[in-house]
K.L.:
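This is the structure I have questions about; it appears just below.
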Amino acid sequence: MDKQNPNQALLSEMYSNTKMAMENINSVLPKVKGKSMITELTAQMDTYGALSKRTSQLMHERSIEPKEPGLMAKAMAKTGIHINTMIDNTDSHIADMVAKGCDMGADSLSEAYAKHAVRCDSQVADLCNEIIDYERQVSSKIEGFHR
């Protein structure tokens with residue numbers, strides 16, 4: 001990835017991040033019982049969808065082809081979710097899983113941002129920061145569901 005241009009590298013990471021978030025929410029949503037948690041996760045799905053769309057638009061403007069997350073990454077995430085919810089399928093445990101996923105996503109994007117943003121267009125860097133901030137907010141907010 002070092003040979004890619006910085007916009008492509010960061011946008012690809014952002015796109016993969018938002019798509020995986022949507023995949024993972026989609027995997028846990030049927031297991032959630034509480035109405036407020038369902039509402040929260042549905043809102044997250046909508047926001048990640050909008051962030052993914054904005055990322056995709058920036059990619060198209062720069063002639064970068066969006067690539068879906070790899071099958072292996074999707075399968076590993078889905079398997080991890082399945083095993084974790086077999087062990088404990090309470091809403092509080094699912095909230096904890098979502099919070100950890102958001103933290104991992106934000107950390108991964110922060111690393112990519114640190115590596116590439118200084119050489120990126122401001123639109124790309126700003127949207128990346130917006131995604132990171134959103135994931136940090138979601139992580140804090142969802143923690144209220146696992147008390």
Side-chain angles (χ1 to χ4, degrees), residues 1-33 37-38 40-121 123-143 145-146:
M1 199 171 253
D2 287 313
K3 303 235 188 278
Q4 286 181 318
N5 79 47
N7 285 320
Q8 181 175 356
L10 192 53
L11 283 165
S12 294
E13 187 71 27
M14 292 159 57
Y15 187 77
S16 179
N17 176 292
T18 56
K19 287 298 200 174
M20 283 300 294
M22 289 173 24
E23 288 267 338
N24 293 340
I25 291 168
N26 206 30
S27 292
V28 298
L29 205 46
K31 300 166 190 301
V32 174
K33 296 161 197 74
M37 179 85 156
I38 290 169
E40 172 62 26
L41 290 175
T42 302
Q44 286 180 29
M45 181 79 102
D46 291 344
T47 301
Y48 278 115
L51 291 168
S52 177
K53 184 176 182 179
R54 288 173 55 203
T55 301
S56 178
Q57 287 170 338
L58 289 178
M59 293 175 91
H60 286 296
E61 289 169 10
R62 289 156 180 78
S63 301
I64 300 167
E65 186 65 34
K67 292 185 179 88
E68 295 298 314
L71 288 176
M72 184 62 93
K74 286 182 182 182
M76 287 176 60
K78 203 169 221 137
T79 301
I81 289 167
H82 179 71
I83 289 169
N84 264 292
T85 55
M86 276 179 51
I87 294 167
D88 182 352
N89 69 350
T90 62
D91 284 2
S92 63
H93 180 67
I94 292 171
D96 186 49
M97 289 169 49
V98 171
K100 286 178 181 168
C102 288
D103 289 339
M104 286 175 28
D107 290 347
S108 174
L109 264 187
S110 293
E111 286 178 27
Y113 181 88
K115 185 174 182 180
H116 301 290
V118 77
R119 297 182 323 268
C120 285
D121 299 346
Q123 282 183 306
V124 174
D126 290 348
L127 182 56
C128 185
N129 266 325
E130 188 177 331
I131 296 169
I132 293 166
D133 290 345
Y134 177 70
E135 290 193 311
R136 298 280 185 223
Q137 290 170 5
V138 166
S139 178
S140 293
K141 183 178 183 181
I142 199 90
E143 287 192 6
F145 288 90
H146 72 213

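Quick note: residue numbers are just sequence positions, from 1.
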K.L.:
Using the side chain to side chain contact (heavy atoms under 4.5 Å, CB included) definition, which of the options Asn24, Val28, Ile142 pairs with Met97?
P.N.:
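The option that passes is Val28.
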K.L.:
How far apart are the C-alpha atoms of Thr18 and Arg54, what are their side-chain angles, what is the distance that settles it, and do they pass the side chain to side chain contact (heavy atoms under 4.5 Å, CB included) test?
P.N.:
CA-CA 10 Å; Thr18 56; Arg54 288 173 55 203; over 6 Å; no
K.L.:
Less than 4.5 Å apart, side chain to side chain, heavy atoms only: is that true for Arg119 and Asn5?
P.N.:
no
K.L.:
Using a cut-off of 6.0 Å, state whether more than 12 heavy atoms not belonging to Lys31 lie near its atom NZ.
P.N.:
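Correct, the count exceeds 12.
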K.L.:
Regarding Tyr48 and Glu23, do their side chains bring together a donor and an acceptor under 3.5 Å, going by distance alone?
P.N.:
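On atom types as modelled, these side chains do not qualify, holding no pair under 3.5 Å.
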K.L.:
Would you check if Gln137 and Cys102 make a side-chain contact, meaning some heavy-atom pair closer than 4.5 Å?
P.N.:
no
K.L.:
To the nearest 0.5 angstrom, please state how far the CG atom of Asp88 sits from the CG atom of Asp91.
P.N.:
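The CG atom of Asp91 is 10.0 Å from CG of Asp88, to the nearest 0.5 Å.
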K.L.:
Can you see whether Glu40 engages Gln44 through a side-chain donor-acceptor pair at a distance of less than 3.5 angstrom?
P.N.:
yes
K.L.:
Going through the distances and angles, do Val124 and Cys128 end up as a side chain to side chain contact (heavy atoms under 4.5 Å, CB included)?
P.N.:
CA-CA 6 Å; Val124 174; Cys128 185; 5.6 Å; no
K.L.:
Less than 4.5 Å apart, side chain to side chain, heavy atoms only: is that true for Ser108 and Glu135?
P.N.:
no
K.L.:
Could you measure the distance from the OG1 atom of Thr85 to the NE2 atom of His82? Nearest 0.5 Å is fine.
P.N.:
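Thr85 OG1 to His82 NE2: 6.5 Å, rounded to 0.5 Å.
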K.L.:
Please check this pair: side chain of Thr55 against backbone of Leu51, looking for a donor-acceptor N/O pair closer than 3.5 Å.
P.N.:
yes
K.L.:
So how far is it from Cys120 SG to Lys115 NZ, rounded to the nearest 0.5 Å?
P.N.:
12.0 Å
K.L.:
At what distance, to the nearest 0.5 angstrom, does OG1 of Thr79 lie from CE of Met72?
P.N.:
9.5 Å
K.L.:
Just verifying a value: how many Å separate Leu10 CG and Leu109 CG, rounded to the nearest 0.5 Å?
P.N.:
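Taking CG in Leu10 and CG in Leu109, the distance rounds to 7.0 Å.
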K.L.:
Would the distance check show the side chain of Asn7 and the main-chain N or O of Asp121 forming a donor-acceptor pair, the cut-off being under 3.5 Å?
P.N.:
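Indeed, once roles are kept as given, a pair shorter than 3.5 Å links the two residues.
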K.L.:
Quick one: closest heavy-atom pair of Met20 and Ala77, and the distance?
P.N.:
CE-CB, 3.7 Å
K.L.:
For Ser12 and Met59, work out which heavy atoms get closest and say how close.
P.N.:
OG-CE, 4.0 Å
K.L.:
In the structure I gave you, are the side-chain heavy atoms of Glu13 and His116 within less than 4.5 Å of one another anywhere?
P.N.:
no
K.L.:
Minimum heavy-atom separation for Lys19 and Ser52, please, with both atom names.
P.N.:
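Where Lys19 meets Ser52 most closely, the heavy atoms are CE-OG, 3.5 Å.
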K.L.:
Distance from Asn26 atom CG to Met45 atom CE, nearest 0.5 Å?
P.N.:
4.0 Å
K.L.:
Do the non-hydrogen side-chain atoms of Ile25 and Val98 ever get within less than 4.5 Å of each other?
P.N.:
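Result no, sub-4.5 Å side-chain heavy-atom pair not found.
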K.L.:
Arg136 versus Asp107: any side-chain heavy-atom pair under 4.5 Å?
P.N.:
yes
K.L.:
Between the main-chain N or O of Tyr15 and the side-chain N or O of Lys67, is there a donor-acceptor pair closer than 3.5 Å?
P.N.:
no
